[in-house]
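So you know, we letter chains A, B, ... as the sequences are listed, proteins then strands, and number each from 1. Since the structure is predicted, the reported quantities are computational estimates derived from the model, not experimental observations.
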Amino acid sequence: MPARHLSNGEIAAELMALAQFIAAKGGNPYKVKAYRRAARTIKSLGESIDELVRNDFDLTEFPGIGQAISSAIQELVRTGTLRQLETVRSQAAPELLEIAEHPRLDPRRVLRVYKRLGISSIAALKEKLAEGEIRTRFGMRMEQHVRQGLQEAHDMLYYEAETVVAAIKTFLRRQCGIRKAEPVGECRRKVEIVREISFLVEADDLHAVLTKVAGYGGKADILTATDTEALAQLSSGTLLRLTASPHKKWGVALIETTGDEEHLRQLRTYNSKWDLAVSSDESFPTERSVYHYLGLSFIPPELREGKDEIALAAENRLPNLVCAEDIRGELHAHSTSSDGANTIEEMMAAAQELGYDYIGISDHSQTLKIARGLSEEALWEQIRFIDNLNARLNGIRVLKSAEVDILIDGALDYPNDLLKELDYTICSIHSRFGQGKAEQTDRILRAMDNRYFNILGHATGRLLLKRPGYEIDVERIVEHARNNRCFFEINSSPDRLDLSADNARIARQAGVKVAITTDAHSTGEFAYLRYGIDQARRAGFPKTSILNHLPWPELERTLKR
DNA sequence: GCCGTTTTCGGCCCGACTGTTTTCAGTCG
């Protein structure tokens, strides 16, 4: 048995390396996926896998870990190495050894780049990336892949962070005996990409807490520590910031740890009372008490990013932000007719269960073959089907819609005589992302000229942490939308969140309403709604500017153009 | 390699289009 205990991060890295070698050899891609999935599972755990193994815990209890991977982990923990991996390592070329240490790089793609550029090291790859040669020789996509793959980044999507936050919170409470631990920072502001997880804690001795935290996931590094603040790096790479505050100053500390730099800077300069609140002996147990003391109304955490919230709070003019209860229906959902997992009836029943008044079925249009887009004939049939269904329904209405592709020339993917039969349309770009900003903008503007265009679907096509999305001139498109009675969606899918909060803010300020939609491909995905709500709140939307807050008759009138 | 209300094998989505990589591999949902 080795003297050294392995952290979850180290175990995961070995499995990832093995996956990289298998992938490089062109091995079974499902096997590669299985190793990667297992590694991700392990990384996300707070309990030490090493310890679990030594206590003979059955690792196959964890999702994605079966007999083979469980045995591999046991071997790793008990002997310190994995024979299978060492064998592969001893036979691998030096450049591959290096690539295997970068789990986010696709080995086969990188090896192809090496060959064409006549290089053989990560250092040279970085150089070529910096010189822009990856882009010129291999295109934007490859550049993006290499950049992401080389980044020592531990950013995660907000919805992934939620799981980590919950695990850490449990750890702080149970293992560290902390009475009160509240997630703050980016997580509390609901920022879509979380770079650092932070907690405000009520603890008498932060250093004692840190000794426990150092064992999180087998081992965590304490990077910096004072009596009141510490930064740790978990073995998964995630940064965890802990700030300690006494109960008496909890409100002040919450504000300090929640707002971004700009919000705090503006608070300090707003009036001298902020410094007093921080330093005086006076008790401020709640945020409300602090804001009141400053002469401001309560600022919801999602707005604390130094935009216009302090000026508005000073005049008591902050918007009453939309919340999930304000949503009366879903406007973007798929069914088995295209690429959804549930039938129209099942989607309808689930929507009814949620208390919705209406649900729009927006299946893909004919050109999007991969998503089994509906032919004209199939859409006609769906329209008749929904008419019949509605005749039998009580309490909920199924809306006739489609997610219509915006073709390369800005034309919509169905003829107008078919589009006019729909209650409304969601129009989206699903192809030719590589167009320039001007072309892509014109494409959308032309599409909006069609009177059957209602809502622009996922305006930029971004996939968070994966793909930047196509470039568009948001101001011009918002302006055109306003003039043509077109609208936007905030797509709540946690890796899209498109419109972004910033773009949504531009729409709101121009007076253009948005729909908060889930783009649900199954009944379970209706639950994504809250992520879209978060972005709408960050953009300062009150419910009155949300399309699917409206009752159907009013929504119908609003959509008419 | 994992998984199972389709349960110990066979599926794990997939199919047409695209290309400042070039004739396959990557890409769209």
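- Nearest to the side-chain atoms of A:Arg432 among the listed nucleotides B:dG1, B:dC13, B:dG19 stands B:dG19.
- Across all strands, A:Asn28 comes closer than 4.0 Å to base atoms (heavy-atom distances).
- Rounded to whole angstrom, the span from the CG atom of A:Leu59 across to the P atom of B:dG1 amounts to 16 Å.
- You'll find that the side chain of A:Ile69 is closest to B:dC2, out of B:dG26, B:dC13, B:dC2.
- Comparing B:dT20 with B:dG26, their C1' atoms sit 16 Å apart, to the nearest whole Å.
- Phosphate contact (OP1/OP2 of B:dG29, side-chain N/O of A:Arg467, threshold under 4.0 Å): present.
- Looking at A:Arg530 and A:Glu162, a side-chain N of the basic residue comes within less than 4.0 Å of a carboxylate O on the acidic one, giving a salt bridge.
- In this structure, the nucleotide among B:dG26, B:dA16, B:dC2 sitting nearest to the side chain of A:Ala68 is B:dC2.
- Residues A:Leu463 and A:Gly66 both approach DNA chain B. Their nearest nucleotides, taken by heavy-atom distance, put A:Gly66 toward the 5′ side.
- Taking atom CD of A:Glu133 as the reference point, atom P of B:dT21 lies 10 Å away to the nearest angstrom.
- Between B:dT27 and A:Arg109, a contact under 4.0 Å exists linking OP1 or OP2 to a side-chain N or O.
- B:dT6 and B:dG11 have their P atoms separated by 16 Å, given to the nearest Å.
- Between A:Asp387 and A:Lys400, at least one side-chain nitrogen of the basic residue sits less than 4.0 Å from a carboxylate oxygen of the acidic one, meeting the salt-bridge criterion.
- Of the candidates B:dC2, B:dT21, B:dG29, B:dT21 carries the atom nearest the A:Arg112 side chain, counting heavy atoms from C-beta on.
- Within 4.0 Å (heavy atoms only), A:Pro63 reaches sugar-phosphate atoms of the nucleic acid but no base atom.
- Distance check on atom P: B:dG4 versus B:dC13 gives 15 Å, rounded to whole Å.
- Using a 4.0 Å heavy-atom criterion, one finds that A:His364 contacts the sugar-phosphate atoms exclusively.
- Across all strands, A:Arg36 comes closer than 4.0 Å to no nucleic acid atom at all (heavy-atom distances).
- For A:Phe433 and B:dG29, the CZ to P distance is 4 Å, given to the nearest whole Å.
- Separation of the C1' atoms belonging to B:dC17 and B:dC9 is 34 Å when rounded to the nearest angstrom.
- When rounded to the nearest whole Å, the span between NZ of A:Lys466 and C1' of B:dT27 equals 12 Å.
- For the pair A:Arg4 and A:Glu10, the salt-bridge criterion is met [side-chain N within less than 4.0 Å of a carboxylate O].
- The shortest heavy-atom contact between A:Phe487 and A:Val512 is CA-CG1, 4.3 Å.
- The interatomic distance linking A:Leu368 (CG) with B:dG29 (P) rounds to 8 Å, in whole Å.
- Using a 4.0 Å cut-off between charged side-chain N and carboxylate O, A:Asp56 and A:Arg78 make a salt bridge.
- B:dG29 and B:dT23 have their C1' atoms separated by 26 Å, with the value rounded to a whole Å.
- For the salt bridge (Lys or Arg N to Asp or Glu O under 4.0 Å) test with A:Glu143, the passing option among A:Arg135, A:Arg109, A:Arg467, A:Arg137 is A:Arg135; the others fail.
- B:dA16 sits 26 Å from B:dG10 when the C1' atoms are compared, rounded to a whole Å.
- Nearest to the side-chain atoms of A:Lys33 among the listed nucleotides B:dC13, B:dG29, B:dA16 stands B:dC13.
- Evaluation of A:Phe138 against the base of B:dT21 yields no stacking contact (centre distance < 5.5 Å, interplanar angle < 30° required).
- Listed nucleotides: B:dG29, B:dT21, B:dA16. Nearest to the side chain of A:Arg137: B:dT21.
- Straight-line distance from the CD atom of A:Gln67 to the C1' atom of B:dC9: 17 Å, rounded to whole Å.
- The nucleotide whose nearest atom lies closest to any side-chain atom of A:Lys31 is, among B:dG29, B:dG1, B:dA25, B:dG1.
- Contact between the side-chain N/O atoms of A:Arg496 and the OP1/OP2 oxygens of B:dG29 is found at a separation under 4.0 Å.
- Nearest nucleotide to the A:Arg37 side chain, out of B:dC3, B:dC28, B:dG1: B:dC3.
- Comparing B:dT21 with B:dT27, their C1' atoms are spaced 13 Å from each other, to the whole Å.
- The aromatic rings of A:Tyr216 and A:Phe171 sit perpendicular, their planes meeting at an angle over 60°, well past the 30° parallel limit.
- Within 4.0 Å (heavy atoms only), A:Ile370 reaches at least one base atom of the nucleic acid.
- Ion pairing of A:Arg54 with A:Asp50 is present here, as a side-chain N (NZ or NE/NH1/NH2) and a carboxylate O approach within less than 4.0 Å.
- Remark: B:dT8 base-pairs with no nucleotide in the shown strands. Criterion, Watson-Crick or G-U wobble with two distances under 3.5 Å.
- The separation between A:Leu15 atom CG and B:dC2 atom P is 10 Å, rounded to whole Å.
- Distance A:Arg462 CZ to B:dG29 C1': 17 Å, rounded to the nearest Å.
- A close approach under 4.0 Å does occur between a side-chain nitrogen or oxygen of A:Tyr35 and OP1 or OP2 of B:dG1.
- Between B:dG19 and B:dC12, the two C1' atoms lie 29 Å apart (nearest whole Å).
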